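Just so it is clear, the model here is predicted, and its values are computed rather than measured.
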Amino acid sequence: MCKKYLFTTLCAFPFLLSCTQTNPLGDFPEGSRPEEVGKILSQRFVEKGNVGKMMSYAKTFTWNGSLRFAEATGDKQLLKQLQDKFEPIFGPNSKALPKMNHVDANMFGSLPLTLYQLTDEERYRKLGMPYADSQWNCPEEADSLQKDWDAKGYTWQTRLWIDDMYMIPAVQLQAYKVTEDRKYIDRTAREMVLYLDSLQRPNGLFYHAPDVPYYWGRGNGWMAAGMADVLASLPEDSEYRTRILQGYHTMMESLLKYQNEEGLWNQLIDQSDCWTETSGSAMFTYAFIQGVKHGWLDAKTYAPAARKAWLALVKYINEKGDVREVCVGTNKKNDKQYYYDRPRNVGDYHGQAPMLWCVGALLAEEE
């Protein structure tokens with residue numbers, strides 16, 4: 001493989017940028033093929049990823065992405081490496097298991113449930129399912145607001161942050177795939193409709209918070225990726241499908257409008273002078289790819305946009321396999337300059353994970 005292409009500009013290959021290809025989401029130039037990029041990113045995770053003292057959500061999602069790449073390519077060696085790195089969670093690193101008390105913690109269940117689907121080892125199922133079930137089992141010590149959400153049939157962990165719309169589906173959808181019990185997908189979809197009705201703006205985008213009127217990239221990325229994942233698993237006869245598709249289409253149309261000249265999106269989506277940010281851009285690219293592959297989006301319009309974004313993202317992978325220009329973890333703040341000034345990380349799992357999601361989506365067969 002010619003890694004050099006990963007770190008050069010696309011201008012040396014102008015003929016490859018044409019969107020006249022029969023399949024804009026295939027036939028990528030050497031160095032940007034999803035098989036090549038997935039290998040670089042997953043091996044980088046094998047090098048530095050481990051259970052450690054805490055299983056963060058970003059690390060969990062990077063692990064999931066690496067596993068799905070191993071599945072897509074039939075790479076049994078990579079699967080074994082990823083299993084081996086997870087093994088300490090059953091012994092010396094068991095304290096790294098997140099408590100089942102928050103959306104950012106319960107998402108961990110998606111990882112052992114993914115491992116179960118790839119290996120059929122029952123211990124992974126036993127580890128993962130309680131994270132899905134406890135999300136809808138309100139504890140006695142819950143506060144009044146949490147109990148109110150539970151009484152309405154929503155998860156007691158509801159907080160109406162758009163991040164939740166990736167965190168909650170991440171574990172519930174895997175539980176649905178493992179059990180084939182429709183309650184997991186139905187309650188996830190109903191929860192998503194609540195968030196859409198409560199938070200989506202008329203232009204399809206989302207403020208970072210109701211009291212913070214800024215369209216932060218990665219925050220919107222969680223929602224875009226979450227909707228794509230829910231729609232991919234949601235049965236056609238679901239009463240929630242039409243509403244989620246509506247919210248998805250409205251958001252995708254807006255994202256197409258704000259795609260910058262480079263092919264990516266800015267830290268603040270609607271601010272043309274803000275810097276290009278890769279984690280949110282990768283999540284939007286993933287949502288575009290999924291939409292084209294599943295037939296939710298017009299391929300003539302969105303496939304070239306997704307291709308342009310992917311080729312641009314590949315340039316942000318350095319020699320080590322780390323993604324550059326990743327916004328650090330960011331809490332809400334009603335201060336526009338705050339978002340402009342956020343530090344930018346290299347190799348942050350917030351950026352590594354969605355790049356791997358894109359790889360998996362590009363490798364998947366069209367429906």
Side-chain angles (χ1 to χ4, degrees), residues 42 45-46 49-72 74-142 146 150 154-158 164 166-189 191 226 229-230 232-234 349 353 356-357 360:
S42 60
F45 182 74
V46 168
N50 55 63
V51 171
K53 295 181 179 180
M54 180 185 70
M55 282 296 299
S56 68
Y57 65 77
K59 183 193 297 184
T60 296
F61 296 149
T62 307
W63 216 313
N64 281 338
S66 298
L67 284 168
R68 289 307 184 189
F69 173 69
E71 177 189 28
D75 192 333
K76 294 182 180 179
Q77 180 181 0
L78 175 58
L79 174 59
K80 181 63 164 57
Q81 290 175 317
L82 293 167
Q83 280 186 270
D84 289 346
K85 295 187 77 66
F86 189 76
E87 192 63 24
I89 205 79
F90 291 104
N93 285 65
S94 60
K95 291 183 179 179
L97 284 170
K99 296 180 180 180
M100 303 175 200
N101 61 1
H102 192 278
V103 289
D104 289 351
N106 279 64
M107 57 76 228
F108 167 77
S110 63
L111 177 50
L113 292 178
T114 297
L115 280 164
Y116 171 74
Q117 292 170 69
L118 298 178
T119 66
D120 288 325
E121 292 188 26
E122 185 63 22
R123 61 185 183 144
Y124 293 131
R125 177 187 171 113
K126 288 182 178 179
L127 180 61
M129 284 305 300
Y131 283 91
D133 292 330
S134 63
Q135 201 157 50
W136 256 263
N137 291 333
C138 189
E140 292 183 6
E141 64 271 19
Q146 292 171 331
D150 175 68
Y154 299 107
T155 170
W156 62 277
Q157 295 179 1
T158 299
D164 303 351
Y166 192 84
M167 307 298 165
I168 295 171
V171 61
Q172 296 299 321
L173 294 182
Q174 297 310 316
Y176 171 58
K177 292 175 183 178
V178 165
T179 65
E180 298 185 352
D181 187 335
R182 189 153 169 173
K183 74 177 182 182
Y184 294 103
I185 186 71
D186 285 344
R187 67 194 190 187
T188 305
E191 188 87 15
D229 282 353
V230 169
S233 294
L234 192 62
Y349 288 136
L356 281 162
W357 305 343

Judged by atom type as modelled, is there a donor-acceptor pair below 3.5 Å linking the side chain of [X] to the main-chain atoms of [Y]?
{"X": "Lys59", "Y": "Gly49", "answer": "no"}
{"X": "Thr60", "Y": "Ser56", "answer": "yes"}
{"X": "Ser233", "Y": "Val230", "answer": "no"}
{"X": "Trp136", "Y": "Tyr184", "answer": "no"}
{"X": "Gln172", "Y": "Ala132", "answer": "yes"}

Measuring only between side-chain heavy atoms, which start at C-beta, is [X] closer than 4.5 Å to [Y]?
{"X": "Ile89", "Y": "Leu127", "result": "yes"}
{"X": "Thr114", "Y": "Trp63", "result": "no"}
{"X": "Lys183", "Y": "Tyr176", "result": "no"}
{"X": "Leu67", "Y": "Gln83", "result": "no"}
{"X": "Val103", "Y": "Gln135", "result": "yes"}

| remark: Separation between OH (Tyr131) and CG (Leu97), nearest 0.5 Å, reads 4.5 Å
| Worked check of ring pair (Phe, Tyr, Trp, His ring centres under 6.0 Å) between Tyr57 and Tyr166 | CA-CA 10 Å; Tyr57 65 77; Tyr166 192 84; 9.3 Å; no
